[in-house]
Amino acid sequence: MNLLRSSLFMLVAVPWTMLFGTALLVAGMVPLLARFRAVWYYRRGLMWMFRHILGITHEVRGRENLPAEPAIVLAKHQSAWETVALQDLVPERTYCVFVLKKELMRLPFFGWGLAALQMISIDRAAGREALNQVVEQGADRLARGFWIIVFPEGTRVAPGQTRRYKQGGAYLAAQTGAKVVPVAHNAGECWPRNAFVKHPGHVVVSIGPAIDTAGLSQDEINLRAEAWIEGEMRRLSPHRYPDAA
């Protein structure tokens with residue numbers, strides 16, 4: 001049954017993505033905010049598919065922790081689910097961009113859409129210069145009222161595992177003074193990393209208290225965000241962490 005659900009999802013989601021990717025490519029002259037409004041319908045379609053085809057429902061806890069001004073979200077990354085769903089966390093009538101590797105921009109359809117939405121793209125092989133790219137583009141997006149979502153582990157990580165938290169998001173926060181919002185979730189329980197077959201279930205997205213970064217170093221920001229996220233992961237998925245007790 002799960003294989004059937006997953007196959008049907010791909011049959012619907014792929015042409016849906018091709019449609020919007022092509023539309024955004026040819027709509028390059030349309031104002032940026034209009035492009036984001038169009039993508040709202042794309043996301044609504046995918047969220048409908050998640051719920052009604054894959055059987056994946058979700059809830060959000062801690063919305064009251066979101067600051068009024070644009071901030072930097074540091075989030076756990078377990079699946080493709082959150083790349084869609086986390087965009088709905090930001091306050092109404094605001095939009096968000098992701099920090100991502102520039103190679104994604106070259107993907108047909110999906111990458112075209114990312115490029116049209118002016119995501120923050122970086123060359124991960126550039127070393128220190130990559131951090132400067134994050135700050136230059138990130139400061140611009142924050143000033144224009146966009147929220148920024150960063151996956152500090154840099155890649156999808158299976159439930160119960162963690163990787164070193166990279167400095168990009170924390171460095172951007174330290175340089176701009178923007179608040180950091182830590183986010184944990186258990187989407188990997190339903191949507192395993194690099195797996196074709198998804199499983200019905202309920203995802204919990206938990207938003208932590210915003211971190212005021214004034215006077216903090218990038219290391220201090222990263223440590224505070226990591227401590228909250230990894231602690232919350234042990235509450236969301238205690239069966240995945242032997243040390244949770």
Side-chain angles (χ1 to χ4, degrees), residues 33 36-37 39-52 54-100 117 119-120 138 141-153 156-157 159 165 169-170 172-173 176-191 200-214 216 221-238 240:
L33 291 183
F36 272 97
R37 294 187 192 103
V39 170
W40 183 88
Y41 292 98
Y42 172 68
R43 294 205 318 273
R44 293 277 63 74
L46 287 179
M47 294 302 291
W48 186 93
M49 295 176 210
F50 295 163
R51 173 180 289 271
H52 296 284
L54 295 176
I56 299 176
T57 60
H58 79 283
E59 65 175 290
V60 178
R61 301 173 182 172
R63 283 191 182 275
E64 66 277 5
N65 290 323
L66 293 172
E69 71 275 13
I72 300 167
V73 174
L74 297 188
K76 195 71 175 176
H77 194 18
Q78 294 185 340
S79 72
W81 181 90
E82 61 269 15
T83 63
V84 178
L86 291 187
Q87 297 180 61
D88 287 334
L89 293 186
V90 301
E92 188 176 359
R93 299 186 184 280
T94 59
Y95 301 98
C96 62
V97 295
F98 287 86
V99 175
L100 44 82
L117 296 173
M119 298 293 169
I120 300 173
R141 305 303 188 273
L142 288 167
R144 290 157 62 186
F146 289 94
W147 288 60
I148 298 175
I149 299 179
V150 182
F151 298 123
E153 291 169 289
R156 287 169 289 182
V157 179
Y165 278 47
L172 174 59
T176 61
K179 291 182 179 178
V180 164
V181 180
V183 173
H185 62 83
N186 58 351
E189 302 286 355
C190 302
W191 193 310
H202 189 66
V203 176
V204 177
V205 178
S206 185
I207 304 171
I211 300 170
D212 187 346
T213 63
L216 298 180
I221 295 169
N222 231 12
L223 286 173
R224 292 190 185 190
E226 180 179 3
W228 190 90
I229 293 171
E230 295 303 322
E232 186 68 3
M233 289 307 304
R234 283 157 174 77
R235 288 184 282 274
L236 296 177
S237 301
R240 296 288 187 177

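FYI, the numbering just counts along the sequence from 1. All figures in this text were calculated on a predicted structure; none of them were measured in a lab.
Residue T57 holds its OG1 atom at 10.5 Å from NE2 of H52, rounded to the nearest 0.5 Å. The distance from the CD1 atom of I229 to the NE2 atom of H77 is 13.0 Å, given to the nearest 0.5 Å. We find the CH2-CG distance between W228 and L74 to be 11.5 Å, quoted to the nearest 0.5 Å. Here the straight-line distance linking atom OG1 of T83 with atom CG of L100 works out to 10.5 Å at 0.5 Å rounding. The line from CG of L172 to CD1 of I148 is 5.0 Å long, rounded to the nearest 0.5 Å.
Between M233 and V157, every side-chain heavy-atom pair lies at or beyond the 4.5 Å cut-off. Two residues are said to be in side-chain contact when any heavy atoms from C-beta on lie closer than 4.5 Å; V150 and V73 fail this criterion. Looking at heavy atoms from C-beta onward, L46 lies out of side-chain contact with R43 at the 4.5 angstrom threshold. Contact of the L86 side chain with the F151 side chain is registered, since non-hydrogen atoms from C-beta on lie closer than 4.5 Å. Side chains of L66 and W147 form a contact here, defined as non-hydrogen atoms less than 4.5 Å apart.
R63 and D88 are not joined by a salt bridge, as no carboxylate oxygen comes within less than 4.0 angstrom of a charged side-chain nitrogen.
Of the residues E230, E189, E82, E232, the one that meets the salt bridge (charged side-chain N to carboxylate O under 4.0 Å, His left out) test with K76 is E230.
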- Message: With side chain to side chain contact (heavy atoms under 4.5 Å, CB included) as the criterion, how do Y95 and R37 come out once you've worked through the C-alpha distance, each side chain's angles and the decisive distance to 0.1 Å?
- Response: CA-CA 9 Å; Y95 301 98; R37 294 187 192 103; 3.1 Å; yes

- Item | Full working for side chain to side chain contact (heavy atoms under 4.5 Å, CB included) between I211 and L216 | CA-CA 10 Å; I211 300 170; L216 298 180; 4.1 Å; yes

- Does the pair R61 and L236 meet the rule for a side chain to side chain contact (heavy atoms under 4.5 Å, CB included), with working shown? CA-CA 11 Å; R61 301 173 182 172; L236 296 177; 4.2 Å; yes

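Relative orientation of the W81 and H58 rings is perpendicular, given thresholds of 30° and 60° on the angle between their planes.
Shortest non-hydrogen contact noted between I56 and C190 is CD1-CB, 3.9 Å. Minimum heavy-atom separation, V97 to R141: CG2-CG, 4.0 Å.
Judged by the 6.0 Å distance and 45° axis criteria, R44 is positioned over the aromatic ring of W40.
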